Amino acid sequence: MNVRSPDMNRRWNRKDLLGLRELSADEINFILETADAFKQVGTREIKKVPALRGKTLVNFFVEPSTRTRTSFELAASRLSADVINISASTSSLTKGETLKDTAKVLEANHADIIVLRHSSAGAPQFLAQRLKSSVINAGDGAHEHPTQGLLDLYTIREKREKIDNLNVVIVGDILFSRVARSNIFGLLKLGARVTLVGPSTLAPREFEKLGVSISHKIDNVLPDADVVNLLRIQHERQRKEYFPSIGEYTQLFGLTKERAKLLKPDCLIMHPGPINRGVEIDSEVADGLQSVILDQVTNGLAVRMAVLYLCGGIATP
């Protein structure tokens, strides 16, 4: 099996991917470039490469997920890794075992990579500091979701051929969204201008400290947008009502068919999923020509293959 090239060592020397905030622009671009190579694998008749043969990946999802877990599972399979899926309900966490002890058991069984989704912010960092295994953050509380941020960056770069100087509008539940945070960190590092839109309760002014703009009137920002990324309302993380009703939210912030007419013809419409059709986005708009939502899903596989490959420490494909 090949070893890392000197160039790869210079551009990527992390065993973990915990968030985009800590990555440099060069590291982010290197992941995206690596994903380019793996996207080509998906076009082949035989869609597997031996890059992680002999490695074991554990999908450890303490918080429920379908899309992200399935994407990581398929990415690992295409890299020829062995995959084990564990959920909170089937682990010893239900018997009172600590997260640290569960992870130590996995490592003792020679798990090379642990993909962790957890409802508590900081859980992946906690494990990464204590384990020799690579830890990939698949979403932790309202902190970050780095691979979603990366696949969004990849999709924008693929469709618009650049990210620098683009106007990216992120609409919805910013306060509780880990997707929003990863997108903000990645977009700003690659030179985009970011505007957050939502009710004042869900898009508070404190986010301006990150270097973004805030607007509470979606119609004012749509005409200049190059990308609109719509987020669902994170009801499961909210402990009170942050707006009067779903109907009012749609009226004020939903991308309806009429609002979509304000967009430039080449503006990209994105959504991390799952989509609440008729709430944050009209069904026809979600399925329209400007939508790249399914492209995001496809690109997520290539990006996650790249992340697993890089953190697994294998040479360039």
Side-chain angles (χ1 to χ4, degrees), residues 20 32 35-36 38-39 42-43 64-75 117 138-139 145-163 166-174 176-184 186-187 192 194-198 218 221-222 225-235 246 249-250 253-307:
L20 299 194
L32 301 184
D36 282 333
F38 283 117
K39 187 165 184 180
T43 65
S65 167
T66 299
R67 292 167 180 262
T68 303
R69 182 186 61 78
T70 302
S71 183
F72 269 112
E73 183 177 3
L74 185 54
R117 170 166 285 195
H145 191 348
T147 56
Q148 181 67 48
L150 288 166
L151 73 88
D152 290 345
L153 293 172
Y154 187 93
T155 303
I156 295 170
R157 191 191 70 158
E158 178 183 60
K159 299 297 182 180
R160 295 301 302 263
E161 299 183 346
K162 68 170 188 174
I163 293 175
L166 292 182
N167 291 319
V168 180
V169 175
I170 304 175
V171 184
D173 184 352
I174 309 299
F176 293 96
S177 175
R178 52 198 174 203
V179 173
R181 286 168 174 80
S182 288
N183 268 270
I184 290 167
L187 287 164
V194 179
T195 302
L196 309 179
V197 180
I218 188 171
V221 300
L222 291 183
D226 297 302
V227 180
V228 176
N229 200 346
L230 300 145
L231 308 176
R232 71 180 180 87
I233 303 301
Q234 306 279 320
H235 292 294
I246 292 294
Y249 177 86
T250 301
F253 300 103
L255 188 60
T256 61
K257 286 187 289 186
E258 284 302 310
R259 268 203 184 103
K261 295 177 183 177
L262 297 172
L263 298 173
K264 296 185 287 189
D266 61 349
C267 179
L268 305 179
I269 297 172
M270 307 179 72
H271 195 301
I275 302 171
N276 291 313
R277 292 173 180 264
V279 180
E280 63 264 17
I281 185 171
D282 182 89
S283 188
E284 288 187 30
V285 178
D287 298 330
L289 295 177
Q290 290 177 265
S291 171
V292 294
I293 295 172
L294 292 181
D295 295 281
Q296 290 173 266
V297 176
T298 300
N299 291 337
L301 181 57
V303 164
R304 289 178 175 120
M305 288 176 72
V307 168

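Because the structure is predicted, anything quoted here is derived from the model rather than measured. Every heavy atom of this structure was used, including side-chain atoms; hydrogens, water molecules and symmetry mates were not.
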Rounding to 0.5 Å, atoms CD1 (Ile275) and CG (Asp287) come to a distance of 7.5 Å
How far apart are the closest heavy atoms of Asp295 and Lys159, and which atoms are they? OD1-NZ, 3.3 Å
Pair Gln148, Arg304 - check side-chain contact (heavy atoms from CB on, under 4.5 Å), show working. CA-CA 9 Å; Gln148 181 67 48; Arg304 289 178 175 120; 4.2 Å; yes
Show the numbers, then the answer: is there a side-chain contact (heavy atoms from CB on, under 4.5 Å) between Ile269 and Leu263? CA-CA 10 Å; Ile269 297 172; Leu263 298 173; 3.9 Å; yes
For His145, does its backbone N or O pair with a side-chain atom of Ser182 as donor and acceptor, under 3.5 Å? yes
If you take all heavy atoms of Ala225 and Lys264, which pair is closest and at what distance? O-CE, 3.1 Å
CG of Leu150 to CG of Leu20: how many Å apart, nearest 0.5 Å? 4.5 Å
Euclidean distance, Glu158 CD relative to Leu32 CG, rounded to 0.5 Å: 11.0 Å
Closest contact, heavy atoms only, Thr147 versus Val303: O-CG1, 4.1 Å
Arg160: salt bridge (Lys or Arg N to Asp or Glu O under 4.0 Å) partners, not counting sequence neighbours: Asp226, Asp266
Are Tyr154 and Asp36 packed together at the side-chain level, in the sense that at least one heavy-atom pair is separated by less than 4.5 angstrom? yes
Indicate yes or no for a side-chain donor-acceptor contact from Arg117 to the backbone of Ala138 under 3.5 Å, with no hydrogens or angles considered. yes
Does Asp282 reach the side chain of Leu255, with side-chain heavy atoms less than 4.5 Å apart? no
Would you say Ile184 and Leu196 make side-chain contact, with heavy atoms under 4.5 Å? yes
Test item: Ile233 and Asn276 side chains (from C-beta on) under 4.5 Å apart, heavy atoms: no
What pair of heavy atoms forms the shortest contact from Arg259 to Gly254, and how long is it? NH1-O, 2.8 Å
Using side-chain heavy atoms (C-beta onward) and a distance below 4.5 Å, is Thr195 in contact with Asn167? no
Atom pair OG1 (Thr256) and NZ (Lys261), whose distance is rounded to the nearest 0.5 Å: 9.0 Å
Do you see a donor-acceptor pair shorter than 3.5 Å between the side chains of Asn299 and Thr155? yes
Does a sphere of radius 6.0 Å around NZ in Lys257 hold more than 12 heavy atoms from other residues, nucleotides or ligands, not counting ones at 6.0 Å or beyond? no
Should Arg181 and Arg178 count as side-chain neighbours, where that means a heavy-atom distance under 4.5 Å? no
Arg232 side chain to His271 side chain, donor-acceptor N/O pair below 3.5 angstrom: no
Within-4.5 Å side-chain heavy-atom neighbours: Ile156 and Leu166: yes
Determine yes or no for a side-chain-to-main-chain donor-acceptor pair under 3.5 angstrom, with Thr70 supplying the side chain and Thr66 the backbone. yes
Would Met270 and Val227 count as a side-chain contact (heavy atoms from CB on, under 4.5 Å) here? Give the steps. CA-CA 7 Å; Met270 307 179 72; Val227 180; 3.4 Å; yes
Name of the residue among Val179, Leu231, Val197 meeting side-chain contact (heavy atoms from CB on, under 4.5 Å) with Ile174: Leu231
To the closest 0.5 Å, what do you measure between CD1 (Ile293) and CG (Leu230)? 7.5 Å
Between Asn183 and Val168, does a side-chain contact (heavy atoms from CB on, under 4.5 Å) hold up when you go through it step by step? CA-CA 10 Å; Asn183 268 270; Val168 180; 6.0 Å; no
Indicate yes or no: at least one non-hydrogen side-chain atom of Ile218 is less than 4.5 angstrom from one of Leu262. no
Looking at every non-hydrogen atom in both residues, tell me the closest pair between Ser283 and Arg277 and how far apart they are. OG-NH1, 2.7 Å
Residues Arg69 and Ser65: closest non-hydrogen pair is N-OG, 3.5 Å
